[in-house]
Amino acid sequence: MKTNNSELMEIGVLGDERGNLSVLESYINLPFEIKRVFYIYSTKDGVRRGFHAHYKTKQALISVAGSCKVSLDNTVRKEDVILDSPNKVLILEPNDWHEMYDFSDDCVLLVLASELYNSNDYIRDYEEFIKVYSETK
Ligand code: TYD
């Protein structure tokens, strides 16, 4: 399902009597090569984080435990996505401003990224985001 520039997809669950297993593989069901992995957890009540877009970095967000919401803004439209299952994957394009919120106490938000960490790839100023992306919705 397309949400702004990004895409919320459901990946397969390989389930058997032992439980479940889900897989993401670069260029098979993930549209980039993974260069970095990080995860957000033990998020305090009421916290909202993110508040940025990127120039280049693509990411995949998976709530592997618990749930959270992601607000996406493509300069003209805001959409909210709920990540509440390990088989839901949000492919987050660099040109969607994003904020994560409503983290459950047990939420572990796994993020796969196409680039190594580089603070120069962040657009943290909303006016700058509008300037950079308002022509490319
Ligand atoms: P921050 O960018 O504030 O997180 P959010 O996406 O919620 O805005 O990241 C918190 C700190 O972690 C900040 O000092 C930058 C650092 N950091 C890294 O060193 N490497 C990374 O891959 C990420 C995502 C953050």
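Each ligand, and each atom within it, is numbered from 1 in the order the structure gives. Basis for what follows: all heavy atoms, side chains included, without hydrogens, waters or symmetry-related copies.
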Any chance you could lay out the side chain to side chain donor-acceptor pair (under 3.5 Å) test for Tyr133 and Asp96, step after step, and finish with the verdict?
CA-CA 9 Å; Tyr133 283 126; Asp96 274 341; over 6 Å; no

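- Of the possible polar contacts, none joining the Asp102 side chain to the Cys68 backbone as a donor-acceptor pair under 3.5 Å is found.
- Contacts of Tyr122 classified as ring-ring contact (aromatic ring centres under 6.0 Å, His included), with partners at least two apart in sequence or in another chain: His52, His54, Tyr117.
- Under the 4.0 Å criterion applied to side-chain N and carboxylate O atoms, Asp73 and Arg77 are not assigned as salt-bridge partners.
- With hydrogens and angles disregarded, a donor-acceptor distance shorter than 3.5 Å links the side chain of Glu7 to the backbone of Met1.
- At a threshold of 4.0 Å, the pair Glu115-Arg36 does not count as salt-bridged, since none of the basic side-chain nitrogens sits closer than that to a carboxylate oxygen.
- The 4.0 Å heavy-atom shell around ligand 1 contains residues Arg36, Phe38, Arg49, Gly50, His52, Tyr117, Tyr122, Arg124, ordered by chain and number.
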